[in-house]
Novice: 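Input: one structure, supplied below.
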Amino acid sequence: ALAAVGFVIFRVIRPFLRGNANQQRVQDDRRTNDPVSPGDTAALTEIHLRLGNPSAATPDAKNTVNLLLVNQAFALSYNRDRGAPNWVSWRVTPADLGELRRSDDFRPDNRLPNGWPQTLPTDYIRSGYTRGHMCPAGDRSADRASNSATFLMTNIVPQTDDSNQGVWQSMEVYSRMLVRRGATVYIIAGAYGEKGRIRNRVTIPTNIWKVVVVVPRGEEITDRLSPNTRVIAINTPNIDGVHDDDWRKYATTVRAIEQATGLDLLSRITREDQDRVETKVGTF
């Protein structure tokens, strides 16, 4: 009798449950990829680009090297020629952190204009590089659609395993620790340089950088940064052998990243505050 019940569960009920789970995943994926409404886009843009639009990216399809894409998880500038983002910008609050597991549903971003080459998850097979998140799934662990959105290939750059699973991940963990303690963080991350291509269309960057603005509990960010607001910047080499490196080893200034990339970071705060926080290495 027990064997018969087990057979029914395995052959009848389990496929039904799995089918429901797969159907839910498809629904989540569709919701994640669907364009947001104009009102939502404006609100999300204000959240994710609260520190500014580093390259003056626009949603115009003719802007092939600086296309602005905005969803519930982040805003980014996409470069068709590089097959990867120039930068990705997002905010993390305590409400964004939960217990969801990674969706791991890497996929192309169907928001890209028709005719644009699509980077595929399979492009990375046997490339020697991992699919490195700019906005990490761990920063979107409270909402399934937002978590899934981080696996869009427009949020991914080729990254060595030592960088992705080592020094870069340790910086992500540190940032989330600050948020779990009550801070709100605004993050901009990106990559630059070229040391080859994957499938002759995805640029392998030489460097991957990140700027984190840490707003203490109870404070709001404005065009002025309070003395309690910390700004941390790192610029990491995209190489092997850095797995066990302390991320603090790669601390730098915002101004140095701007000089390396040509971007204008933190452009929505006053020039006085930019000169104050962008020219010195932050505290950890």
Novice: Looking at R101 and S141, would you say the former's side chain and the latter's main chain have a donor-acceptor pair under 3.5 Å?
Specialist: no
Novice: Is a side-chain donor or acceptor of N79 paired with a backbone partner of R82 at a separation under 3.5 angstrom?
Specialist: yes
Novice: For K249, is there an ion pair with D246 - N to carboxylate O distance below 4.0 angstrom?
Specialist: no
Novice: Would the distance check show the side chain of T270 and the main-chain N or O of R224 forming a donor-acceptor pair, the cut-off being under 3.5 Å?
Specialist: no
Novice: Evaluate the side-chain proximity of N71 to R111: yes if any heavy-atom separation is below 4.5 Å, no if none is.
Specialist: yes
Novice: Does the pair E46/R50 count as a salt bridge with the N-to-O cut at 4.0 Å?
Specialist: yes
Novice: Using atom types as modelled and distance alone, determine if a side-chain donor or acceptor of N86 lies under 3.5 Å from a backbone N or O of V65.
Specialist: yes
Novice: Which atom names give the shortest non-hydrogen contact between P108 and L152, and what distance separates them?
Specialist: O-CD2, 3.8 Å
Novice: Q118 side chain to D109 main-chain N or O, any donor-acceptor pair under 3.5 Å?
Specialist: yes
Novice: Do H133 and F151 have ring centres separated by under 6.0 Å?
Specialist: yes
Novice: Is T119 reaching over with its side chain to a backbone N or O of G83, donor-acceptor style, under 3.5 angstrom?
Specialist: yes
Novice: Strictly below 4.0 Å, N to O, side chains only: are R91 and D96 in salt-bridge contact?
Specialist: no
Novice: Is the ring centre of F284 less than 6.0 Å from the ring centre of W247?
Specialist: yes
Novice: Can you check whether V211 reaches V231 side chain to side chain, under 4.5 Å on heavy atoms?
Specialist: yes
Novice: Any side-chain to backbone donor/acceptor pair from S146 onto A142? Under 3.5 Å, distance only.
Specialist: no
Novice: For residues I257 and T252, determine if any side-chain heavy atom of one lies less than 4.5 Å from a side-chain heavy atom of the other.
Specialist: yes
Novice: Which of these, R140, R102, R107, sits in a side-chain hydrogen bond (donor to acceptor under 3.5 Å, both in side chains) with S148?
Specialist: R107
Novice: Scan side-chain atoms only and decide if N228 and E219 contain a donor-acceptor pair under the 3.5 Å cut-off.
Specialist: yes
Novice: May I ask you to test the L51-S89 pair for a side-chain heavy-atom distance under 4.5 Å?
Specialist: no
Novice: Are the side chain of N164 and the backbone N or O of Q159 linked by a donor-acceptor pair below 3.5 Å?
Specialist: no
Novice: What's the shortest heavy-atom distance between P136 and W90, and which atoms?
Specialist: CD-CZ2, 3.5 Å
Novice: Are N235 and Y192 close enough, and set up right, to give a side chain to side chain donor-acceptor pair (under 3.5 Å), and what steps lead you there?
Specialist: CA-CA 10 Å; N235 188 356; Y192 68 90; 3.0 Å; yes
Novice: Taking only Lys NZ, Arg NE, NH1 and NH2, and the carboxylate oxygens of Asp or Glu, determine whether D223 and R268 approach each other closer than 4.0 Å.
Specialist: no
Novice: Can you name the nearest heavy-atom pair linking Y124 to T130, along with the distance?
Specialist: CE2-O, 3.3 Å
Novice: Would you sort out whether T279 and R255 count as a side chain to side chain donor-acceptor pair (under 3.5 Å), showing the intermediate values?
Specialist: CA-CA 6 Å; T279 55; R255 196 63 53 86; 5.9 Å; no
Novice: If you measure from the Lys or Arg side-chain nitrogens to the Asp or Glu carboxylate oxygens, is any gap between K62 and D60 under 4.0 Å?
Specialist: no
Novice: Looking only at non-hydrogen atoms, find the nearest pair between R201 and R197 and report the distance.
Specialist: O-NH1, 3.3 Å
Novice: Check the pair N66, S77 against side chain to side chain donor-acceptor pair (under 3.5 Å), reporting the backbone distance first and the verdict last.
Specialist: CA-CA 5 Å; N66 193 24; S77 163; 2.6 Å; yes
Novice: Please give me the minimum heavy-atom distance between V179 and V185, naming the atom from each residue.
Specialist: CG2-CG2, 3.6 Å
Novice: Do any N or O atoms from the side chain of K195 and from the backbone of N238 form a donor-acceptor pair under 3.5 angstrom?
Specialist: yes
Novice: Within a 6.0 Å radius of atom CZ on R217, are there more than 12 heavy atoms belonging to other residues, nucleotides or ligands?
Specialist: no
Novice: Would K210 and W168 count as a cation-pi pair here, with the cationic atom under 6.0 angstrom from the ring centre and within 45° of the axis?
Specialist: yes
Novice: Between N63 (side chain) and L67 (backbone), is there a donor-acceptor pair under 3.5 Å?
Specialist: no
Novice: Evaluate the side chain to side chain donor-acceptor pair (under 3.5 Å) criterion for residues D245 and Y250: first the C-alpha distance (whole Å), next the side-chain angles of each, then the deciding distance (0.1 Å), finally the verdict.
Specialist: CA-CA 9 Å; D245 285 358; Y250 301 102; 2.5 Å; yes
